[in-house]
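In what follows, chains carry the letters A, B, and so on, assigned in the order in which the sequence lines appear, proteins first and then strands, with residues in each chain numbered from 1. Since the structure is predicted, the reported quantities are computational estimates derived from the model, not experimental observations.
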Amino acid sequence: MLTSYRLERAFFALDTVSVARALLGQRLVRIDAGARLSGLICETEAYAGPDDPASHAHRRTHRSAIMYGPPGFAYVYFIYGMYFCLNAVTEVDGQPGAVLLRALLPLDGIEILRTRRPGVWDSRLTDGPGKLCTALGITRMQNGLDLCTSEELFLQASASVPDEAVVATPRIGVRCDAGALSRPWRFVWHPAPPGASPALLAARP
DNA sequence: CTCTCGATGCGCT
DNA sequence: GCGCATCGAGAGA
């Protein structure tokens, strides 16, 4: 495919909010036990540095240290006792930031995704940050992988997403950001499939 | 559809 | 010991 080149480090070396927007429509690829699982990124959130109270990089700790390192690396953390969340580290080395990948539109390996998320509709296989990690088999094993060189987790350039199809909102689930309204750093791609109902479009992808 | 709430482990102070 | 960048079940409307 002409546009399926891997995203290079320069893509991630920009300011975090720009990267979060630019990641919409790109393809996340997970090679898991030889199987290719992938999907188009349709929801992201930007988490900045020390000035962002909701960011793990608000403080530099052992866990958040990777956000201070070079861009293009995977930051996977464990949350609420049972879920993982996948981020891509942004900004130049020394400047902290990361983008949380919140939802995908499944492309490859949907049969395997169904076995990982039994009993849910296809449209719900990867429609949340914990869910997409479960479906793609992403755990702390993938923490620290270099997305620019890894053969098991990486990103490929894919769809071009026009601004008219993007909605920016405050971030979800963030309880410690008093200035949340001034940080509309969640980006949702609303692709409009032919014949989609208004109710479907109103729901989270 | 919406809202509430419990499960669950660990990073951090 | 507290609180969390979540999810799914269950209740109510």
- Query: Hey, are R171(A) and D52(A) close enough for a salt bridge, meaning a charged N less than 4.0 Å from a carboxylate O?
  - Reply: yes
- Got a salt bridge between D146(A) and R9(A), using NZ or NE/NH1/NH2 to carboxylate O under 4.0 Å?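 Salt bridge flag = yes for R9(A) with D146(A).
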Could you state the [atom1]-[atom2] distance from [X] to [N], rounded to the nearest angstrom?
| X | N | atom1 | atom2 | answer |
| --- | --- | --- | --- | --- |
| H58(A) | dC4(C) | NE2 | C1' | 15 Å |
| E45(A) | dC4(C) | CD | C1' | 14 Å |
| I79(A) | dC4(C) | CD1 | C1' | 4 Å |
| R171(A) | dC4(C) | CZ | C1' | 14 Å |
| H56(A) | dC12(B) | NE2 | P | 8 Å |
| Y83(A) | dC7(C) | OH | C1' | 3 Å |
| Y80(A) | dC5(B) | OH | P | 15 Å |
| F84(A) | dG11(B) | CZ | P | 10 Å |

- Steps toward salt bridge (charged side-chain N to carboxylate O under 4.0 Å, His left out) verdict (R116(A), D32(A)): CA-CA 12 Å; R116(A) 297 259 175 77; D32(A) 189 8; 2.5 Å; yes
- Task: Examine R6(A) relative to F154(A) and say whether NZ or CZ is less than 6.0 Å from the centre of the six-membered ring and inside a 45° cone about the ring axis.
- Result: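 Relative to the ring axis of F154(A), which defines the angle, R6(A) lies inside both limits.
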Can you tell me if [X] touches the phosphate of [N], counting only side-chain N or O atoms and a distance under 4.0 Å to OP1 or OP2?
| X | N | answer |
| --- | --- | --- |
| R117(A) | dG8(C) | yes |
| T61(A) | dC12(B) | yes |
| H62(A) | dG11(B) | no |

- Item | Mate of dC7(C) where both pairing distances stay under 3.5 Å, Watson-Crick or G-U | dG6(B)
- Query: If pairing requires Watson-Crick or G-U wobble contacts with both distances under 3.5 Å, which nucleotide is the partner of dA13(C)?
  - Reply: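 The base-pairing partner of dA13(C), which may sit in any strand shown, does not exist here.
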Once you apply a heavy-atom cut-off of 4.0 Å, does [X] come out as touching a base, just sugar-phosphate, or nothing?
| X | result |
| --- | --- |
| F78(A) | sugar-phosphate |
| R63(A) | sugar-phosphate |
| R59(A) | sugar-phosphate |

- Message: By nearest atom, which of the nucleotides dC10(B), dA5(C), dC7(C) is closest to the R140(A) side chain?
- Response: dC10(B)
- Query: For R102(A) and D127(A), what are the C-alpha separation, side-chain angles and deciding distance, and is it a salt bridge (charged side-chain N to carboxylate O under 4.0 Å, His left out)?
  - Reply: CA-CA 7 Å; R102(A) 289 191 56 90; D127(A) 67 340; over 6 Å; no
- Message: Between the base of dA5(C) and the side chain of Y77(A), is there a donor and acceptor pair under 3.5 angstrom?
- Response: yes
